[in-house]
Every structure is written in structure tokens, then in C-alpha cells.
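Notes follow the structure.
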Amino acid sequence: MKSEITISELARLMNVSVHQIRYFEEKGVLLPAYLDNNQYRMYSMDQVYQLSHILLLRKLGVPVQSIKECMTSYSTDQYGQLLNHSLKEINAEILRLQELQHFINRVLHEQKNFISHSNDYQIKWRETTYLARWIEMDSQITLNAKLLTEQAKSVPNLFESDLHFIEDNSRTITLYTETEAPGDFSLPSGNYLSTQRLIHEEDELEQVIEQFYSYAAAQSHVIQGPLILIERSYLSLFSQKQLHYELQALIEPTTHSERGNRS
DNA sequence: TTTCTCACA
DNA sequence: TGTGAGGA
């Protein structure tokens with residue numbers, strides 16, 4: 001009774017495919033103990049240990065080509081470095097997945113929020129928001145792909161962010177993205193009149209803006225500062241060919257004591 | 001069952 | 001870096 005095992009037994013034992021074991025052999029990292037009379041590969045305990053090391057290194061992302069060198073000539077120190085390097089990469093990957101998780105949560109939250117509040121008007125408290133300038137454009141011109149490439153600094157994950165369109169006094173629209181640290185512009189904290197809309201055609205926007213101002217006037221809200229148009233293109237996942245906009249404007253705080261008390 | 005080779009993602 | 005198919 002032989003103490004060595006065949007390739008399929010080894011494959012079953014180590015939970016890998018027979019193909020993969022042969023592939024490791026082709027690359028010179030795992031040779032059978034010997035070939036049986038029928039040319040079958042036979043493996044002993046040595047190969048079981050070797051294969052488990054190979055699989056560990058593969059898990060750490062070491063290319064098969066490098067594993068041979070790694071197993072024959074690495075010092076304890078070099079293995080330590082290798083593990084540290086893998087740890088860094090794994091931490092980066094965890095971070096990437098966490099960011100993705102946050103983004104998905106945000107999309108779901110915004111979508112829910114959009115459904116429950118679309119078309120109505122709300123007063124929303126907004127903390128100070130820092131914005132980074134992305135593109136400046138004439139208010140007559142609409143955004144197009146060429147403009148993006150010609151003018152824009154590249155912003156990673158651009159269309160996963162809330163794009164702020166703010167018109168200044170000189171008929172220039174500036175597009176901003178939100179940033180963590182104080183940037184080119186900031187929106188003060190305060191109460192903002194807000195409405196969310198689905199827009200099918202660009203020119204609907206004009207109407208919506210007019211309605212926004214008339215609503216504010218009718219409700220005696222005094223608007224301070226510019227109109228802020230927020231585009232959430234990632235919400236178009238749920239309704240393609242339609243853009244999700246939110247209009248916001250800071251409103252003057254009104255208290256009971258102030259009422260009728262103006263000079 | 002295993003081997004080898006070729007094609008494919 | 002593997003996987004799948006197919007003949008021997």
C-alpha cells in the first residue's frame with residue numbers, strides 16, 4: 001500500500017482543481033514526488049506542505065512566477081516584508097470596499113428621500129459645506145462632453161458626487177464638488193428652502209426655477225445668496241434619461257420678535 | 001482516472 | 001492565472 005496520493009486525491013484534500021496543481025507544476029513551483037509506472041503523478045506529505053505554502057502565497061497576491069524564487073531563497077525578513085506588504089494592500093482594499101458601501105448606502109438613502117419628497121418644498125437645515133471649484137462656464141452654454149475634457153480638472157468618481165451649480169453675478173455658472181476641507185467656496189450653515197425634481201429636458205429647469213422663486217415669495221421667505229442647483233447623476237440609475245436636481249437657497253431666519261419690527 | 005494539448009477569458 | 005473540452 002503506497003503512502004503517496006494521486007493528483008485528484010491531492011486536489012480534493014487541498015480544495016483546488018487538478019488543473020491548478022498541474023499549472024503549478026508547469027510553472028516549476030510544485031513537482032510530484034515521483035511518476036508512477038503508469039505515468040501518474042504521485043504526491044507525498046512534502047508536496048502537501050509545499051502546496052499549502054503556495055496557496056498561502058497566492059492568497060497574499062504573490063504571482064506564481066515569483067513563488068518559486070520566494071520559496072527557495074526568501075529569508076525570514078523577506079517573508080516579514082511580504083506579509084507587511086500584503087497587509088497594506090488588504091487594508092487598502094477594505095477601505096475601497098467601505099467607501100463603496102458608504103456610497104451604496106448614500107444612493108439608497110437619497111433615492112428614498114427623493115421618492116418621499118419629490119416636487120414638494122422643504123426647509124432644510126444645512127451645515128457649512130465646503131466646495132471645490134470644478135468648471136466655470138457661461139450660463140448660456142450647456143454642459144457637454146467636449147467642455148468636460150477641455151476645461152475640467154479630473155475629479156475621481158465625479159458622477160458619484162453631488163454636483164453644485166452656482167450662478168454668480170456675472171452670468172457665469174460655476175460647478176463645484178463637495179470637499180471635506182475648506183476649498184474655493186463655502187455655503188454657510190442655515191435653513192435652506194429646497195425642492196427636488198426629476199428633469200426630462202433642459203428647458204424644464206427654467207420653469208422650475210421660476211416656480212421656486214414664486215413659491216419663496218408667496219411664503220414670504222427672503223432668499224439670501226445665490227440659487228444652488230444640485231445634480232445627483234447617480235440617482236439616474238433608477239430612472240434613466242432623467243436627471244435628479246435639487247434647488248436650494250439660503251433663507252433669512254425669521255423669528256417672531258423680528259416680525260413687524262423692521263426699521 | 002489521468003495525461004496532454006489547445007483554445008479562451 | 002487559471003478553466004474547459006476532447007482525444008488517448
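So that the names make sense, note that chain A is the first sequence line, chain B the second, and so on, each numbered from 1. Computed over heavy atoms, backbone and side chain alike; hydrogens, waters and symmetry mates excluded. Because the structure is predicted, anything quoted here is derived from the model rather than measured.
- The closest side-chain donor-acceptor pair between A:Asp162 and A:Tyr234 falls under 3.5 angstrom.
- Here C:dT3 presents its P atom at 12 Å from CD1 of A:Ile7, a figure rounded to the nearest Å.
- Between A:Ser8 and B:dT1 there is no side-chain N or O to OP1 or OP2 distance below 4.0 Å.
- One can place CZ of A:Arg22 at 8 Å from C1' of B:dC4, the figure rounded to the nearest angstrom.
- Note on A:Thr6: a side-chain N or O is less than 4.0 Å away from OP1 or OP2 of B:dT2.
- A:Leu30 places its CG atom 16 Å from the C1' atom of C:dT1, with the value rounded to the nearest Å.
- Atom-to-atom, CG of A:Leu51 to P of C:dG2 comes out at 11 Å; the value is rounded to the nearest Å.
- For the pair A:Asn38 CG and B:dT3 P, the computed distance is 8 Å after rounding to whole Å.
- For the pair A:Gln20 and C:dG2, the criterion of a side-chain N or O lying under 4.0 Å from OP1 or OP2 is met.
- B:dT2: Watson-Crick or G-U partner is C:dA8, with both key distances under 3.5 Å.
- Scanning atom types as modelled, one donor and one acceptor separated by under 3.5 angstrom connect the side chain of A:Tyr40 and the base of B:dT1.
- The separation between A:His19 atom NE2 and C:dA5 atom P is 9 Å, rounded to whole Å.
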Practice task
Please report the C-alpha distance between A:Val64 and A:Phe24 in whole Å, then the side-chain angles of each, then the deciding distance to 0.1 Å, and finally whether the side-chain contact (heavy atoms from CB on, under 4.5 Å) criterion is met.
Solution key: CA-CA 7 Å; A:Val64 176; A:Phe24 291 150; 3.9 Å; yes
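- In this model, a donor atom of one side chain and an acceptor atom of the other lie less than 3.5 Å apart for A:Trp125 and A:Glu127.
- In this structure, A:Arg41 reaches the sugar-phosphate backbone alone: every heavy-atom distance under 4.0 Å involves primed, P, OP1 or OP2 atoms, never a base.
- Applying the side chain to side chain donor-acceptor pair (under 3.5 Å) test between A:Gln242 and each of A:Glu201, A:Arg197, A:His200 identifies A:His200 as the sole match.
- Regarding A:Tyr23, its OH atom lies at a distance of 15 Å from the P atom of C:dG4, rounded to whole Å.
- Side-chain contact of A:Gln196 with A:Asn113: a donor-acceptor pair under 3.5 Å is present, judged by distance alone.
- Between the P atom of B:dT1 and the CG atom of A:Asp36 lies a distance of 17 Å, rounded to the nearest Å.
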